[in-house]
Participant: 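Below you'll find the structure I mean.
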Amino acid sequence: MQNILEFVKTLGAPRLAAMGAVTIALIGFFAFIILRVTAPDMTPLFINLTMDDSAAIAKELDREAVSYQLRGDGNVILVPRDRVARLRMQLAQSGLPKGGGVGYEIFDRTDSLGTTSFVQNIDAVRALEGELSRTIRTLDRVQDARVHLVMPERPLFSRDKVEPSASIVLRVLGTLEPTQVRAIRHLVATAVNGLRPQRISIVDEAGNLLADGAGDDNGGSDVGADERQVAFEKRLRQQIEQIVTSVVGPDHARVQLTADFDFNRVTETSDKFDPDGRVVRSSQTREESTASNAANSNQVTVGNEIPQGVQQQRQAATGDAAATPRDESRKSEETVNYEISKTTRTEVSEGGRVNRISVAVLVDGTYSKNDKGEIVYKPRSKEEIDQIAALVRSAIGFDQKRGDQVEVVNLRFAEPLPQPIAAPAGWLSGLHLSKDDIMQAIETVVMGLLGLAVLLLVVRPLVRRVLAPAEAVAALPAATGAAAAPSEAGGTAIVESGPTFSGEPSETSKMIDLAQVQGQVHAQSVQKVGEIAARNPGETVSIIRSWLHESAAA
């Protein structure tokens with residue numbers, strides 16, 4: 001213990017402070033490496049969270065004593081990879097994350113006894129907006145969504161009813177197809193009573209109008225003319241590419257298609273009468289008959305005024321056998337009304353008729369290897385090109401009267417042939433290592449190499465430098481003691497010790513220079529050297545002279 005204390009005293013306060021600082025730094029460095037290597041692999045639990053959801057999830061994780069990290073202003077939460085599935089199930093049981101906005105859980109409150117009807121209607125609209133937002137966010141490419149519904153109330157004693165409308169703001173990844181935009185409009189329209197798809201407007205986060213919500217009073221479709229044309233051309237192009245590439249191979253055909261549409265809406269009404277299709281509607285018959293005597297028909301007498309029946313009885317009573325000449329007339333009139341068959345036809349031609357289709361198909365040739373192993377291009381035959389053109393005509397419904405055009409051309413493509421990607425072979429393929437496993441292994445190896453480099457390049461030189469002066473100091477008293485012992489015995493011993501002491505002047509000077517560079521000379525060694533010089537002044541002078549001669553000779 002005494003030797004340890006003496007060794008510590010010989011080091012001095014500056015060296016002890018340096019050794020302590022180096023020790024603390026090494027402990028901190030290796031503690032960082034150990035913690036970094038043994039730290040659990042963190043993976044996102046949820047991303048794109050709102051502040052309310054982040055606070056609620058962080059509270060649940062603190063209650064479960066689960067370590068987590070917050071990234072990206074709190075909208076991303078990282079947890080250990082081995083606990084992701086269990087934590088998601090636990091949070092789903094608690095209804096987290098809510099996805100921003102409130103849904104029908106707003107009616108779970110028990111303090112709705114004194115709520116007015118106005119507040120209940122507002123809560124119903126908020127709940128419906130929140131549920132629609134959550135449903136839209138489940139769609140592919142939709143990152144976030146906000147829905148605003150306008151549900152106007154019908155005024156009292158009013159016959160007019162204002163239709164509801166809706167506006168949707170989407171934050172998407174990439175771009176949405178027209179079919180996806182229409183799907184969102186119909187999804188919202190069927191969820192809200194009385195809402196038509198034409199009354200829904202959709203805008204993305206960049207301010208681009210994806211769907212117009214102005215409405216169509218004429219009953220037209222909610223699909224624009226340009227969208228219908230693009231969808232039609234895309235569908236035919238895909239059909240042609242599918243049938244052509246099945247013959248020439250993938251990436252060996254290019255198809256361009258243009259369709260000319262007529263978007264005029266025409267209404268035509270025609271009336272047709274059939275003369276052979278007659279039907280009796282009504283019939284009227286009228287008959288008239290008159291009779292008069294020829295002799296006195298023009299005389300005004302009493303007999304002429306007597307009715308005909310009385311006159312005949314009178315003539316019979318008088319026995320007049322001769323018949324009086326008479327005038328008789330008959331008249332018959334018949335009126336028949338017929339109903340002629342009539343056909344009324346109203347034809348409405350909606351816009352979107354195809355006037356003409358033009359198709360251009362570029363087909364690559366075939367490639368083969370010659371005797372030298374070089375790839376040689378070979379054009380396709382005319383018969384094969386004609387067969388491909390016939391397939392294209394059948395795919396588009398070719399109509400020559402309509403003016404359709406189909407051109408199939410065989411040319412060599414400029415881009416090189418795609419090289420197949422070889423599957424990774426070797427013993428690593430059988431380990432089924434993921435990217436995270438490989439990165440973790442590389443990180444562990446780097447940390448180990450860094451720790452080894454610190455040990456060899458930092459710790460070892462510091463330890464050697466700290467311990468080297470102590471060994472030199474211990475060697476100096478031993479050398480001086482060996483010279484002092486013979487000096488007390490007699491002069492002859494002192495003369496013998498002179499060459500021994502003076503035989504190593506360069507080593508002693510090196511130790512003194514080393515002590516001077518370090519800025520500290522041990523007090524005990526200096527005192528012993530002073531005592532030797534005081535007891536033996538002659539030998540000291542001779543040693544100094546020998547040093548001077550050696551210096552001059554050098």
Participant: Below 4.5 Å, heavy atoms only, C-beta onward: do Arg86 and Arg83 meet side chain to side chain?
Facilitator: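 No, too far: nothing below the 4.5 Å cut-off.
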Participant: Determine whether more than 12 heavy atoms belonging to other residues, nucleotides or ligands lie under 6.0 Å from atom CD of Glu205.
Facilitator: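 Result for CD/Glu205: enclosed.
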Participant: Can you pull the ring-ring contact (aromatic ring centres under 6.0 Å, His included) pairs that have at least one residue in residues 374-400, sequence neighbours excluded?
Facilitator: Tyr367-Tyr377
Participant: Could you check whether any side-chain N or O of Arg185 sits under 3.5 Å from a backbone N or O of Pro197, counting only pairs where one atom can act as donor and the other as acceptor?
Facilitator: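 Between the backbone of Pro197 and the side chain of Arg185 there is a qualifying donor-acceptor contact (under 3.5 Å).
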Participant: Please check if the number of heavy atoms outside Asn193 that lie under 6.0 Å from its CG is greater than 12.
Facilitator: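 No, not enclosed.
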Participant: Using 0.5 Å steps for rounding, measure from the CG atom of Leu170 to the CD atom of Gln143.
Facilitator: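 Leu170 atom CG to Gln143 atom CD measures 11.0 Å (nearest 0.5 Å).
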Participant: List for me each residue that meets salt bridge (charged side-chain N to carboxylate O under 4.0 Å, His left out) alongside Asp262, sequence neighbours excluded, and say none if there are none.
Facilitator: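 For Asp262, the residues satisfying salt bridge (charged side-chain N to carboxylate O under 4.0 Å, His left out) (neighbours in sequence not counted) are Arg353.
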Participant: Would you indicate whether the side-chain heavy atoms of Val392 and Val255 approach each other to under 4.5 Å?
Facilitator: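 A side-chain contact under 4.5 Å is absent here.
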Participant: Got Arg393 and Asp404 here, is their nearest side-chain heavy-atom distance under 4.5 Å?
Facilitator: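 Side chain of Arg393 against side chain of Asp404, heavy atoms only: no contact under 4.5 Å found.
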Participant: Count the heavy atoms belonging to other residues, nucleotides or ligands that lie under 6.0 Å from CD of Gln400, then report whether that count exceeds 12.
Facilitator: no
Participant: State which residues pass side-chain contact (heavy atoms from CB on, under 4.5 Å) with Asp204; sequence neighbours excluded, sorted by chain then number.
Facilitator: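 Expected list: Ala206, Asn208, Leu210.
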Participant: If I compare all heavy atoms of Ala189 with all of Ile200, which pair ends up nearest, and what's the gap?
Facilitator: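 Heavy-atom minimum between the residues: N-CD1, 3.7 Å.
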Participant: Between Thr258 (side chain) and Ser358 (backbone), is there a donor-acceptor pair under 3.5 Å?
Facilitator: no
Participant: Just how far is it from atom CZ of Arg356 to atom CG of Asp260, taken to the nearest 0.5 Å?
Facilitator: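 Nearest 0.5 Å value for the CZ-CG distance: 6.0 Å.
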Participant: As an exercise, state the distance from CG of Leu149 to OG of Ser167, rounded to the nearest 0.5 Å.
Facilitator: 8.0 Å
Participant: Does some side-chain heavy atom of Glu153 sit less than 4.5 Å from a side-chain heavy atom of Asn121?
Facilitator: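 Answer yes - side chains close enough.
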Participant: To the closest 0.5 Å, what do you measure between CG (Leu391) and CD1 (Ile396)?
Facilitator: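 These two atoms lie 12.0 Å from each other.
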Participant: Using every non-hydrogen atom in the two residues, find where Pro164 and Pro152 come nearest and quote the distance to one decimal.
Facilitator: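 Minimum heavy-atom separation between Pro164 and Pro152: CA-CD, 3.8 Å.
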Participant: Which heavy atom of Tyr68 sits nearest to which heavy atom of Ile77, and what is that distance?
Facilitator: CB-CG2, 4.3 Å
Participant: Determine the minimum heavy-atom distance between Ala211 and Val181, stating which atoms define it.
Facilitator: CB-CG1, 3.8 Å
Participant: Donor-acceptor pair, distance only, cut-off 3.5 Å: does the side chain of Arg141 make one with the backbone of Thr175?
Facilitator: yes
Participant: I'd like to know if Glu60 pairs up with Arg63 as an ion pair, taking the criterion as any Lys NZ or Arg NE/NH1/NH2 lying under 4.0 Å from an Asp or Glu carboxylate oxygen.
Facilitator: yes
Participant: Any heavy-atom pair between the side chains of Phe46 and Ile57 that's under 4.5 Å?
Facilitator: yes
Participant: Which pair of heavy atoms, one from Arg402 and one from Ile357, lies closest together, and at what distance?
Facilitator: NH2-CD1, 3.7 Å
Participant: Could you measure the distance from the CG atom of Asp144 to the CG atom of Leu173? Nearest 0.5 Å is fine.
Facilitator: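 One finds 10.5 Å between CG of Asp144 and CG of Leu173.
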Participant: Using side-chain heavy atoms (C-beta onward) and a distance below 4.5 Å, is Val150 in contact with Arg199?
Facilitator: no
Participant: If the condition is salt bridge (charged side-chain N to carboxylate O under 4.0 Å, His left out), which residues does Asp386 pass it with, not counting sequence neighbours?
Facilitator: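 In terms of salt bridge (charged side-chain N to carboxylate O under 4.0 Å, His left out), with neighbours along the sequence ignored, Asp386 is linked to Lys382.
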Participant: Tell me, please, which residues at least two apart from Val248 pass side-chain contact (heavy atoms from CB on, under 4.5 Å).
Facilitator: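 Partners of Val248 by the side-chain contact (heavy atoms from CB on, under 4.5 Å) criterion, ordered by chain and then number, come out as Val244, His252, Ala253, Val363, Arg380, Ile388.
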Participant: Compare every heavy atom of Leu132 with every heavy atom of Ala191, then report the nearest pair and how far apart it is.
Facilitator: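 Result for this residue pair: CB-CD2, 3.7 Å.
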Participant: Can you tell me how far the CG atom of Asp399 sits from the CG atom of Asn355, to the nearest 0.5 Å?
Facilitator: 11.5 Å
Participant: Less than 3.5 Å apart, which donor and acceptor atoms pair up between the side chains of residues 230-243 and the rest of the protein, not counting sequence neighbours?
Facilitator:
residue: Glu233; atom: OE2; partner: Gln229; partner atom: NE2; Å: 3.4
residue: Glu233; atom: OE2; partner: Ala259; partner atom: N; Å: 3.1
residue: Lys234; atom: NZ; partner: Glu177; partner atom: OE1; Å: 3.4

